[in-house]
Amino acid sequence: MLDLLPADLGRPLRVLAVGAHPDDVEIGAGGTLLQLVDQRPDTEVDVLVLTGTAERAAEARAAADLFLAGARHTVTVHDLPDGRLPAHWDAVKQVLEDHAAAAPARTSSSVPAPTTATRTTG
């Protein structure tokens, strides 16, 4: 198995996984995330999903709880228009900027925003 990281970074590894839709992170980066969490149990994963109904947001959170079991993780699901992200680049950019600005505070807790559902597990 290929090692993705040095054995010790001297700090927890923080990963931001962005998906346009619920399940995009698992489909697109699932193997990598599983390997990172296996190699570095202190890995912290922020899953950021740009679109999703309340039902799909619940699915995304449940999937992360199973998929990233044992790792500290947060799931934030926004309600940007599904299938229309290119027409809403300003809103996408704002979501990413807001998430980056809140990232230091996410180390020990999640930071709720008006249009997000967040949950910290771990």
Side-chain angles (χ1 to χ4, degrees):
M1 180 183 301
L2 177 66
D3 286 336
L4 297 176
L5 298 169
D8 184 16
L9 295 175
R11 61 177 170 73
L13 174 66
R14 298 219 38 233
V15 176
L16 172 62
V18 180
H21 311 95
D23 78 15
D24 283 356
V25 169
E26 295 88 340
I27 292 169
T32 300
L33 290 173
L34 288 171
Q35 187 173 355
L36 288 172
V37 170
D38 182 58
Q39 288 180 6
R40 295 286 310 271
D42 63 341
T43 298
E44 300 172 3
V45 181
D46 288 339
V47 177
L48 179 63
V49 181
L50 300 174
T51 67
T53 64
E55 180 180 5
R56 294 295 311 272
E59 290 173 7
R61 285 188 288 282
D65 288 346
L66 294 171
F67 194 74
L68 299 169
R72 180 181 296 259
H73 61 278
T74 62
V75 178
T76 305
V77 180
H78 290 266
D79 59 356
L80 296 176
D82 187 21
R84 298 179 185 87
L85 290 179
H88 297 277
W89 283 132
D90 288 341
V92 171
K93 183 178 175 183
Q94 190 63 56
V95 164
L96 296 173
E97 288 175 354
D98 291 348
H99 192 84
R106 290 180 188 272
T107 300
S108 60
S109 65
S110 60
V111 179
T115 60
T116 65
T118 60
R119 179 177 177 184
T120 302
T121 306

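All heavy atoms count here, side chains included; hydrogens, waters and symmetry mates do not.
- Residues forming a side-chain contact (heavy atoms from CB on, under 4.5 Å) with V47 (at least two apart in sequence, or on another chain): V25, V45, V49, L68, V75.
- More than 12 non-hydrogen atoms from other residues, nucleotides or ligands lie less than 6.0 angstrom from CD of E97.
- Closest approach of L33 and A17 over heavy atoms only: CD1-CB, 4.3 Å.
- Between R61 atom CZ and T74 atom OG1 the span is 11.0 Å, to the nearest 0.5 Å.
- Considering CG of L96 and CG of L16, their distance stands at 7.5 Å, rounded to 0.5 Å.
- Among residues two or more places apart in sequence or in another chain, the side-chain contact (heavy atoms from CB on, under 4.5 Å) test is passed with P81 by R84, H88.
- Listed by chain and number, the residues in a side-chain contact (heavy atoms from CB on, under 4.5 Å) with A63 are E26 (sequence neighbours excluded).
- No side-chain donor from either of D90 and Q94 sits under 3.5 Å from a side-chain acceptor of the other.
- Hydrophobic clustering, with ILVMFWY side chains joined whenever heavy atoms are under 4.5 angstrom apart, groups W89 together with L48.
- Taken together through direct or relayed side-chain contacts under 4.5 Å among Ile, Leu, Val, Met, Phe, Trp and Tyr, L66 and L34 form parts of separate hydrophobic clusters.
- L85 is linked by a side-chain contact (heavy atoms from CB on, under 4.5 Å) to A20, L50, T51, L80, V92, counting only residues two or more places apart in sequence or in another chain.
- A pairwise comparison of heavy atoms in P12 and E44 identifies CB-OE2, 3.8 Å as the closest pair.
- Listed by chain and residue number, R56 satisfy the salt bridge (Lys or Arg N to Asp or Glu O under 4.0 Å) test with D23 (two or more places apart in sequence, or in another chain).
- Looking at every heavy atom in both residues, P22 comes nearest to A60 through CB-CB, 4.1 Å.
- In this structure, D65 and H73 have side chains that are in contact, with non-hydrogen atoms separated by less than 4.5 Å.
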